[in-house]
Amino acid sequence: MVIEVGDAFKRILDETEKVRDEHTDDMSVLQAIWIVLDRHPELRQEGLAYEVLQWYICRMEAWFAADADMISLKSWDQEQVLSGGHGLMVQGYDPIIKALAKDIDIRLNHRVAKISNGPNKVMVTVEDGTGFIADAAIITVPLGILKANLIHFEPKLPQWKVDAISDLGFGSENKIAMQFDRVFWPDVELLGVVAPTSYACGYFLNLHKATGHPVLVYMAAGRFACDLEKLSDESAANFVMLQLKKMFPNATEPVQYLVTRWGTDPNSLGCYSYDLVGKPGDSYERLRAPLGNLFFGGEAVSMEDHQGSVHGAYSAGIMAAENCQGHILERLGYFDKLQLVPSRGEIHDAAFPLQISRM
């Protein structure tokens, strides 16, 4: 049944392309799905199969960290997905961060409160009033921070930049990782929980398959992720255990658990960007565009349509660094050194080992 409904869901999404072509105005992916189901009764599902269909919508929402009624029909499938199967960074991203941070002066616990941009210099002021003066600045804070206006810009950001920040969505997805004393579940990549609505559906990633440790990670996205953050860690873990015991009545209690709260984390206020309904086509370009000595990086400004990904954030950072370096060299009159700026591919070869386990 899961395979059959999955095939039907693919057909439904294929049919939404026709809906997109027929309408000049944008609409949500969910609205387009309902139009397709209204036109094609043979694709409608009933009973348990309907709940499986809702689970597929839930999985789609997890990809964007947003509910299907918020996701743009015109843009949802425009991302350039990298080839290859899913993999898990067994040691997390810590080895990458340490390697990239080597020999760089990084100041922890310096939350930026104000950025003043002059004709030749930039002053960045942190919460305790300390100021740092530089030739330029690269801003890579999460889009949620820009949306919440937590950084004061002087002069104020131009309206076209403010609109770009506003036009993009910033989703929320949370994980509840639970470690058990033993494995009591099958050796599969994920375990799905079906329900009458995508909001009530869910799924667990099986980290035992990739790491050998008895760990399951419950994934929650969109409004449901925000609602989970209203619970205490203990209540959230108890809720997840109720979901797990629907599948495995004899499931043991977790030895320990970890609950993320990206939506309310003051350093992120969400997790990654997505295309809102009605988003103008040039929103990413406007967000990416520099302002004098200010340059913008991060996943939301990725050039290759890799928004929402770590590799997108990395490539956007390299691009911002190149543009910043070129700007400063040109301003200082070092035109002969402009051609020495390395291309994006030369900046960092894979100089450190990564342990990746295929899911």
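For the numbers below, each heavy atom of this structure counts, side chains included, while hydrogens, waters and symmetry mates do not.
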Answer yes or no: is there a donor N or O on one side and an acceptor on the other, between the side chain of Glu61 and the main chain of Ala68, under 3.5 Å? yes

Any side-chain donor near an acceptor of the partner, Asn174 and Glu229, under 3.5 Å: yes

Any donor-acceptor pair under 3.5 Å linking the side chain of Ser166 with the backbone of Asp163? no

Please name the pair of heavy atoms, one in Ala316 and one in Gly298, separated by the smallest distance, quoted to 0.1 Å. CB-O, 3.2 Å

So, Tyr257 versus Asn238: side-chain donor-acceptor pair below 3.5 Å or not? no

Any side-chain donor paired with an acceptor under 3.5 Å for Gln307 and Glu299? no

Using 30° and 60° as the class boundaries, would you call the ring planes of Phe132 and His110 parallel, tilted or perpendicular? tilted

Determine the minimum heavy-atom distance between Gly281 and Glu285, stating which atoms define it. O-OE1, 3.5 Å

Distance-only, no hydrogens or angles: does the Asp181 side chain make a donor-acceptor pair with backbone N or O of Pro254 under 3.5 Å? no

Less than 6.0 angstrom from the centroid, inside 45 degrees of the normal: does Lys161 satisfy that with respect to the ring of Phe296? yes

Could you walk me through whether Leu216 and Leu244 satisfy the side-chain contact (heavy atoms from CB on, under 4.5 Å) test, starting with their C-alpha distance in whole Å, then the side-chain angles of each, then the deciding distance to 0.1 Å, before giving a yes or no? CA-CA 10 Å; Leu216 292 174; Leu244 192 58; 3.8 Å; yes

Contact check, side chains of Val52 and Gln45, non-hydrogen atoms, under 4.5 Å: no

What closest approach, in Å, do Ala220 and Ala225 show between heavy atoms, and which atom pair accounts for it? O-CB, 3.3 Å

When rounded to the nearest 0.5 angstrom, what is the spacing between CG in Asp275 and CD1 in Ile71? 9.5 Å

Within the 3.5 Å criterion, strictly below it, is a donor on His213 or Thr211 matched to an acceptor on the partner's side chain? no

Assess the residue pair Tyr203 and Val194 against the criterion (side-chain contact (heavy atoms from CB on, under 4.5 Å)); give the C-alpha distance rounded to whole Å, side-chain angles, the decisive distance to 0.1 Å, and a yes or no. CA-CA 9 Å; Tyr203 67 98; Val194 302; over 6 Å; no

Given the rule in the salt bridge (Lys or Arg N to Asp or Glu O under 4.0 Å) test, do Glu189 and Lys209 qualify, once you have shown the distances and angles that lead to the verdict? CA-CA 7 Å; Glu189 178 182 338; Lys209 185 174 176 64; over 6 Å; no

Validation row, ring centre Trp55 to ring centre Phe9 under 6.0 Å: no

Taking the basic N atoms (NZ, or NE/NH1/NH2) and the acidic carboxylate oxygens, is any pair closer than 4.0 Å for Asp105 and Arg107? yes

Taking side chain as C-beta onward, heavy atoms only, is Val141 less than 4.5 Å from Leu150? no

Candidate pair Met27 and Ile35, rule side-chain contact (heavy atoms from CB on, under 4.5 Å), full reasoning: CA-CA 11 Å; Met27 69 176 70; Ile35 291 174; 3.9 Å; yes

Within the 4.5 Å heavy-atom criterion, are His208 and Trp185 side-chain neighbours or not? yes

Taking 4.0 angstrom as the limit, do Asp227 and Lys230 come out as a salt bridge? yes

Glu42, CD: over 12 other non-hydrogen atoms inside 6.0 angstrom: yes

Does Phe248 have its ring centroid less than 6.0 Å away from the ring centroid of Phe180? no

Looking only at atom types and distance, does a side-chain atom of Asn117 sit under 3.5 Å from a main-chain N or O of Phe153, one as donor and one as acceptor? no

May I ask you to say whether Glu154 pairs ionically with Lys114, meaning some side-chain N is under 4.0 Å from a carboxylate O? yes

Quick one, Asp26 and Lys279 - any side-chain contact, counting heavy atoms below 4.5 Å? no

Report the residue from Lys18, Glu22, Glu17 that forms a side chain to side chain contact (heavy atoms under 4.5 Å, CB included) with Arg20. Glu17

Within the distance-only criterion (no hydrogens, no angle test), does the side chain of Ser268 pair as donor or acceptor with the backbone N or O of Cys271 below 3.5 angstrom? no

Single-linkage hydrophobic cluster Tyr284~Leu291, side-chain heavy atoms < 4.5 angstrom: yes

Between Arg44 and Tyr50, is NZ or CZ placed under 6.0 angstrom from the six-membered ring centre and within 45° of the ring axis? no

Co-membership, hydrophobic cluster, residues Val240 and Val183, 4.5 Å side-chain: yes

Would you say CG of Asn109 has more than 12 non-hydrogen atoms from neighbouring residues, nucleotides or ligands within 6.0 angstrom? no

Does Ser198 offer a backbone N or O that forms a donor-acceptor pair with the side chain of Gln54 under 3.5 Å? yes

Is the side chain of Arg288 donor-acceptor paired with the backbone N or O of Val301 at a distance under 3.5 Å, no angle test? yes

Taking side chain as C-beta onward, heavy atoms only, is Ser28 less than 4.5 Å from Met70? no

Verify the neighbour count for atom CH2 of Trp34: are there more than 12 heavy atoms of other residues, nucleotides or ligands below 6.0 Å? no

Path from Val2 to Leu205 over hydrophobic side-chain contacts below 4.5 Å: yes

Would Asn250 and Phe184 count as a side-chain contact (heavy atoms from CB on, under 4.5 Å) here? Give the steps. CA-CA 8 Å; Asn250 297 321; Phe184 52 80; over 6 Å; no

With sequence neighbours left out, what residues match Arg223 under salt bridge (Lys or Arg N to Asp or Glu O under 4.0 Å)? Asp67, Asp69

For salt bridge (Lys or Arg N to Asp or Glu O under 4.0 Å), just list the numbers for Arg261 and Asp233, CA-CA rounded to whole Å, side-chain angles, deciding distance to a tenth of an Å, and then say yes or no. CA-CA 10 Å; Arg261 299 178 179 278; Asp233 285 4; 2.6 Å; yes

In plain terms, say whether Asp167 and Arg286 are close enough for a salt bridge, that is, a side-chain N and a carboxylate O under 4.0 Å apart. yes

Heavy-atom closest contact (Ala195 atom, Cys201 atom, distance): N-SG, 3.3 Å

Are Lys121 and Asp135 close enough for a salt bridge, meaning some N to O gap below 4.0 Å? yes

State, with a plain yes or no, whether a side-chain heavy atom of Leu276 is found less than 4.5 Å away from one of Leu168. no

Might you confirm whether atom NZ of Lys147 has over 12 heavy atoms from other residues, nucleotides or ligands at distances under 6.0 Å? yes

Please name all residues satisfying salt bridge (Lys or Arg N to Asp or Glu O under 4.0 Å) with Glu4, sequence neighbours left out, ordered by chain then number. none

Kindly check if the number of other-residue, nucleotide or ligand heavy atoms within 6.0 Å of CD (Glu46) is above 12? no

Where Ala320 and Ile138 come nearest, the two heavy atoms and their spacing: CB-CG2, 3.8 Å

Can Glu253 and Arg182 be counted as an ion pair, charged N to O under 4.0 angstrom? no

Looking at Ile106, I want to see if its CD1 is surrounded by more than 12 non-hydrogen atoms of other residues, nucleotides or ligands under 6.0 Å. yes

Per side chain to side chain contact (heavy atoms under 4.5 Å, CB included), Leu43 is matched among Val5, Ile33, Leu37 by Leu37

Check whether any side-chain N or O of Ser72 sits under 3.5 Å from a backbone N or O of Ser75 as a donor-acceptor pair, and report yes or no. yes

Strictly below 4.0 Å, N to O, side chains only: are Lys98 and Asp94 in salt-bridge contact? yes

Is any side-chain heavy atom of Val217 less than 4.5 Å from a side-chain heavy atom of Ile176? no

Could you tell me if the side chain of Lys175 sits less than 4.5 Å from the side chain of Trp262, heavy atoms only? no

